[in-house]
Amino acid sequence: MSAFDLSVVEESSLNHPLRVFANMLEDVQSTSSKSDKQAYIQSYIVDHAYKDEIRELLRLALSPYVRFGIASLPDIPASVRSFTDDEILTETRALLTLLANRDLTGNAARDAVAAHLAALDDSDGDGVSTREAVRRILLKDLRAGFSESTVNKVVKGCIPVFECQLAHSEMPELDQLEYPVMVQPKYDGVRCIAIKRAGVVTLFSRNGIPFDNFLELNDYLERKMPEGVVLDGEVLHRTLSGEDGYQKVMKRAKASPGKNDDIPITFRVFDGMSLSEWESQKCPRDTYMRYQGVSEFVDQLDEFELVQITPNEVCSSQTDVQRVYARHLADGWEGVIIKTLTGAYTFKRNKTWMKLKPFGSADLKVVGAFEGNGKYAGMLGGLICEGAHDGKTVHVEVGSGFTDYQRESFWRFRGDVIGKLAEVRFQAMIKAQDSEIWSLRFPTFLRLRETDTVGKL
């Protein structure tokens with residue numbers, strides 16, 4: 001049975017699961033209250049007779065690992081038939097399974113989706129019909145104001161969550177490290193996780209958003225990558241480093257498939273594991289063992305320009321790290337990532353990975369503030385800062401570097417904060433095309449200053 005098959009259930013001719021799912025979307029989208037949304041969801045996935053079927057439909061819609069290959073929906077023809085109540089869920093399961101497993105693609109997929117939607121009920125007026133519910137599942141957008149985190153608050157682990165390891169936000173004290181350590185270049189690119197499942201390779205960003213415009217990389221890895229493997233790395237411009245290379249890769253990454261594909265890329269792999277380790281979020285093998293494994297795989301590949309292993313050096317002292325760091329800076333990279341040799345892959349920020357890179361800082365006037373969301377709702381989300389730095393006009397939103405106490409007090413007394421100077425640490429200055437206004441890459445709040453120190457570093 002396919003990994004995406006839904007189990008067969010008995011359906012009521014009066015209240016079948018897909019109709020119940022549509023009713024749930026209608027209820028949840030009717031309120032803006034987070035607590036009410038959560039209560040509605042609980043009534044459907046905990047207390048309802050069809051809770052198992054509703055949970056599975058939610059997984060199909062919200063799991064980052066299930067993709068249907070549908071960017072936009074086709075025009076719906078006049079229906080030549082309508083599904084009976086006994087057919088609706090069975091036929092919908094079959095369609096979603098074929099699409100998710102890539103057994104149905106291209107024009108055949110569009111025709112099948114159009115015919116399926118045409119056969120579904122669309123007579124609910126301003127409510128959510130079964131046709132509309134399936135449309136939202138296919139587009140991976142339920143449009144009801146909730147995400148997988150809301151569902152997982154009701155039933156822990158109901159929806160898979162995409163997480164990868166990130167370097168700790170603080171730079172290391174080199175004289176405090178336990179040596180030896182692994183040192184790798186920190187690239188100017190976009191984080192990319194390649195997952196091969198059921199013969200299909202999907203490329204994800206660090207936030208679990210699929211990359212749809214690195215098609216040559218997808219195709220090559222589908223031919224060369226073993227089944228059930230995950231590769232972690234970064235997509236870079238093939239010949240350019242620094243800000244120029246980063247901007248071009250981002251331009252391609254954000255474009256629709258086939259556009260800007262003249263921008264050459266390379267995938268630098270630095271970690272990897274089995275799919276079962278990735279899905280369970282338990283990978284006990286240490287950093288050095290994982291690197292050796294992916295290095296052996298990449299060494300066997302014939303397309304060196306497209307997929308490469310990230311260079312790695314084992315350093316036994318602070319002097320060794322500083323030497324490698326200086327060399328990678330001279331090569332045009334951001335700095336280095338320092339990794340503990342025996343560290344597990346932790347699927348979160350962790351000091352087993354630490355970044356060492358140079359920073360600049362600027363004193364900018366606070367001209368505004370915005371509220372946070374999630375756990376920072378009712379607190380400061382960030383400061384809007386403007387000013388001149390290095391002869392350039394800067395405008396930037398600074399959302400990191402604050403303590404919880406600062407977020408609370410700065411938001412409560414934001415009238416007093418606006419007008420002051422903020423010292424902001426950053427990695428690079430960036431400017432959009434056709435603009436004379438500059439921004440800062442990776443801005444971090446350091447401290448407030450008095451207004452008479454503006455421009456003085």
Side-chain angles (χ1 to χ4, degrees), residues 164-192 206 231-234 236 241-243 245-246 266 268-273 283-296 298-299 308-363 390 400-403 423-429 440-447 457:
C164 62
Q165 174 140 355
L166 300 172
H168 197 267
S169 56
E170 295 180 5
M171 289 199 292
E173 298 290 340
L174 297 184
D175 59 350
Q176 301 297 315
L177 295 178
E178 281 192 32
Y179 293 95
V181 294
M182 286 174 53
V183 181
Q184 298 172 340
K186 187 177 189 314
Y187 295 123
D188 293 286
V190 295
R191 183 74 172 272
C192 180
R206 57 183 274 181
L231 298 178
D232 194 351
E234 196 140 341
L236 315 174
S241 60
E243 192 63 28
Y246 172 78
T266 186
R268 294 282 181 91
V269 180
F270 52 68
D271 212 321
M273 65 195 71
C283 185
R285 291 179 298 120
D286 64 41
T287 304
Y288 190 76
M289 289 179 63
R290 298 194 311 273
Y291 179 82
Q292 289 296 105
V294 296
S295 180
E296 290 173 5
V298 174
D299 285 346
Q308 301 176 17
I309 191 67
T310 295
N312 180 71
E313 294 187 53
V314 176
C315 294
S316 300
S317 67
Q318 178 177 343
T319 301
D320 286 347
V321 172
Q322 290 171 327
R323 171 181 52 80
V324 176
Y325 172 66
R327 188 176 74 248
H328 285 311
L329 285 181
D331 289 340
W333 302 124
E334 291 183 355
V336 296
I337 298 291
I338 300 172
K339 299 182 177 181
T340 304
L341 283 172
T342 57
Y345 194 102
T346 62
F347 299 90
K348 61 183 179 180
R349 287 199 185 276
N350 191 282
K351 286 189 176 181
T352 56
W353 291 13
M354 302 191 77
K355 51 193 172 186
L356 179 64
K357 57 184 182 180
F359 286 96
S361 65
D363 287 352
D390 199 21
S400 64
F402 305 96
T403 65
E423 183 180 1
V424 180
R425 187 176 68 181
F426 63 94
Q427 184 182 323
M429 300 186 70
L440 305 178
R441 190 172 175 196
F442 303 130
T444 302
F445 172 82
L446 292 181
R447 61 186 62 86
L457 302 181

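Note: hydrogens, waters and symmetry copies are ignored here, and every other heavy atom, side chains too, is used.
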Please confirm whether the backbone N or O of L236 pairs with a side-chain atom of T266, one donor and one acceptor, at under 3.5 Å? no
Is there a donor-acceptor pair under 3.5 Å between the side chain of Q165 and the backbone N or O of T346? yes
Please check: side-chain N/O of E234 versus main-chain N/O of G189, any donor-acceptor pairing under 3.5 Å? yes
Please check if the number of heavy atoms outside F347 that lie under 6.0 Å from its CZ is greater than 12. yes
Rounded to the nearest 0.5 Å, how far does SG of C192 lie from CZ of R268? 14.0 Å
Find the distance between CD (Q318) and CZ (R323) and round it off to the nearest 0.5 Å. 13.0 Å
Drop me the distance from I309's CD1 to E296's CD, to the nearest 0.5 angstrom. 10.0 Å
Tell me, do F270 and P185 make a side-chain contact under 4.5 Å, heavy atoms counted? no
Test your reading of the model: is there a side-chain donor-acceptor pair from R349 to the backbone of A167, 3.5 Å cut-off? yes
Between the CD1 atom in I337 and the CE atom in M354, the distance rounded to the nearest 0.5 Å is 10.0 Å
Should V336 and K186 count as side-chain neighbours, where that means a heavy-atom distance under 4.5 Å? no
CA sep, side-chain torsions, deciding dist, call: D188, R441, side chain to side chain contact (heavy atoms under 4.5 Å, CB included): CA-CA 11 Å; D188 293 286; R441 190 172 175 196; 3.5 Å; yes
Under a plain distance cut-off of 3.5 Å, with no hydrogens placed, do R290 and Y345 share a side-chain donor-acceptor pair? no
Side chains of Y179 and D320: any donor to acceptor distance under 3.5 Å? no
K357 side chain near F442 side chain, heavy-atom distance below 4.5 Å: yes
Is it true that a side-chain atom of D331 and a backbone atom of W333 form a donor plus acceptor pair closer than 3.5 Å? no
Output yes when a side-chain donor or acceptor of T352 lies under 3.5 Å from a complementary backbone atom of T340, and no otherwise. no
Does the ring of W353 carry K339 above it, NZ/CZ under 6.0 angstrom from centre and within 45° of its axis? yes
Could you tell me whether a side-chain N or O of Y291 sits under 3.5 Å from a main-chain N or O of T310, the two making a donor and an acceptor? yes
Side-chain heavy atoms of C315 within contact of V324, under 4.5 Å: yes
